[in-house]
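Just so it is clear: chains get the letters A, B, ... in the order the sequence lines come, proteins before strands, and each one is counted from 1.
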Amino acid sequence: MLSKKNKEALFNPLSKDNPVLVQILGICSTLAVTVSLEPAIVMGISVIAVLAFSNVIISFIRNTIPTTIRIIVQLVVVAALVIVVQQFLVAFDYEVSKQLSVFIGLIITNCILMGRLEAFALNNKPWPSFLDGIGNGLGYMIILVIVAFFRELLGSGTVLGFQVIPQWCYEHGYENNGLMILPPMALITVACIIWVHRARNKELQEA
Amino acid sequence: MEELNLFVKSIFIDNMIFAYFLGMCSFLAVSKNVKTALGLGAAVTFMLAVTMPINYLLDRYVLQAGALSWLSPSLASVDLSFLGLIMFIAVIASATQLVEMIVEKFSPSLYASLGIFLPLIAVNCAILGGALFMQQKDFGSAMTATVYGLGSGIGWLLAVVGLAAIREKIAYSNVPAPLRGVGITFIITGLMGIAFMSFLGIKL
């Protein structure tokens, strides 16, 4: 079930081969949905689901896809799965699906998907592909949650919608940092995470 | 006049990169020098301007609730809007393929300089994102949609060329080792985003 190779497929993307920090894939949505924690978690779970199942499907049919049209085949598989996720969200969590607006649809063009399908699912059996999908999805979600946690905490003083900065702080002159809610600070937050991550993993630093 | 407003707005205020982060992956990958950045920017602008009216007409006359009523009154209750994503991406992927073939046939020199970037545009989120925003904004005519596409494309071009110019210069600076490469690029983009936010207050 979990041979050494499968374990690598599952756990490497969490830190050493993280899709966002190291492979630099899927940046658009990482930045756009992280104003608060709840949409970030929903987005992370959606990406894990789409990534794992599209990896499995492509892996099953990998020997029958002609290489010339593989991109269109991949797009169609991914788009079909994304539509399922989108309809599911609209049905069960309408508020969050409104907040995420176009970004659920944009999972289709999330580079993590194309990247993993091309790099892994086309050359591997379904089970390792499934684990690779879960691993990369989790790696993506971890970054999403970290960024969203800091942006929500510093920007609105809440975590998951609950007030965590006590009222007396505000009475003594503490202010929420409105800049954290604005788009540019997402980039700078990710840059800080990259900074910490690369300072700890020296082999990732660029010369 | 309304079109002109929309054009300026989509370039500066609703900039694809700084306001919505669309097309970040290729934005970070090709911004190493100005020349390639310019090439990809032009290709993205072109694709946005071409696919936007097609997707608009598709959305208007095929996909929206009751859109098929021009075909026969009995189809007025059909709502195909859930197929939107798959249709848009199909249009974009096939338009990319088509443009690639046309450019290869008529201008081999342009093809050689854009070469690898053209097929990549199919998965550039700026194009699909543009189509989805167009659907949300509910434009009045295909003309307005085209103007929006063109403006968003030029905004993207502006951003990517600006970043490439800064990155060419920063190659000579002494950046802390863990930040070299991607890290500093993120920070520059963030600072450029803050600069672009100064356009926010402008009422057109």
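In this structure, B:Tyr20 and A:Phe103 approach most closely via the heavy-atom pair O-CZ, 3.7 Å. Heavy-atom minimum distance, B:Ile86 versus A:Ala80: CD1-N, 4.2 Å.
B:Phe12 pairs by the ring pair (Phe, Tyr, Trp, His ring centres under 6.0 Å) definition with B:Phe199, not counting sequence neighbours. Residues passing the ring pair (Phe, Tyr, Trp, His ring centres under 6.0 Å) test with B:Tyr148, sequence neighbours excluded: B:Phe139.
Heavy-atom proximity under 4.5 angstrom to chain B picks out nothing from residues 144-157 of chain A. Identified by a heavy-atom distance below 4.5 Å to chain B, the contributing residues of residues 177-198 of chain A are A:Leu182, A:Pro183, A:Pro184, A:Ala186, A:Leu187, A:Ile188, A:Val190, A:Ala191, A:Ile194, A:Trp195, A:Arg198, in residue-number order.
The neighbour count for B:Gln136 CD, taken as heavy atoms of other residues, nucleotides or ligands under 6.0 Å away, is above 12. Atom OH of A:Tyr170 sits in a crowded spot, with more than 12 heavy atoms from other residues, nucleotides or ligands closer than 6.0 Å. Counting non-hydrogen atoms of other residues, nucleotides and ligands closer than 6.0 Å to CZ of A:Phe120 gives a total above 12. Under a cut-off of 6.0 angstrom, the local environment of OH in A:Tyr174 is crowded, with over 12 non-hydrogen atoms contributed by other residues, nucleotides or ligands. Few gaps surround NZ on B:Lys137; more than 12 heavy atoms of other groups in view lie less than 6.0 Å from it.
Chain A forms the most heavy-atom pairs under 4.5 Å with one residue out of B:Thr185, B:Val182, B:Ile92, and that residue is B:Val182.
Atoms CZ and CD1, on B:Phe186 and A:Ile27 in that order, are 3.5 Å from each other to the nearest 0.5 Å. Rounded to the nearest 0.5 angstrom, A:Ile108 CD1 and B:Ile89 CD1 are separated by 5.5 Å.
With a 4.5 angstrom heavy-atom cutoff, B:Met197 touches chain A only via side-chain atoms. In this structure, the portion of B:Ala19 lying under 4.5 Å from any heavy atom of chain A is its backbone and not its side chain. Proximity to chain A involves both the backbone and the side chain of B:Ala177, based on heavy atoms less than 4.5 angstrom apart.
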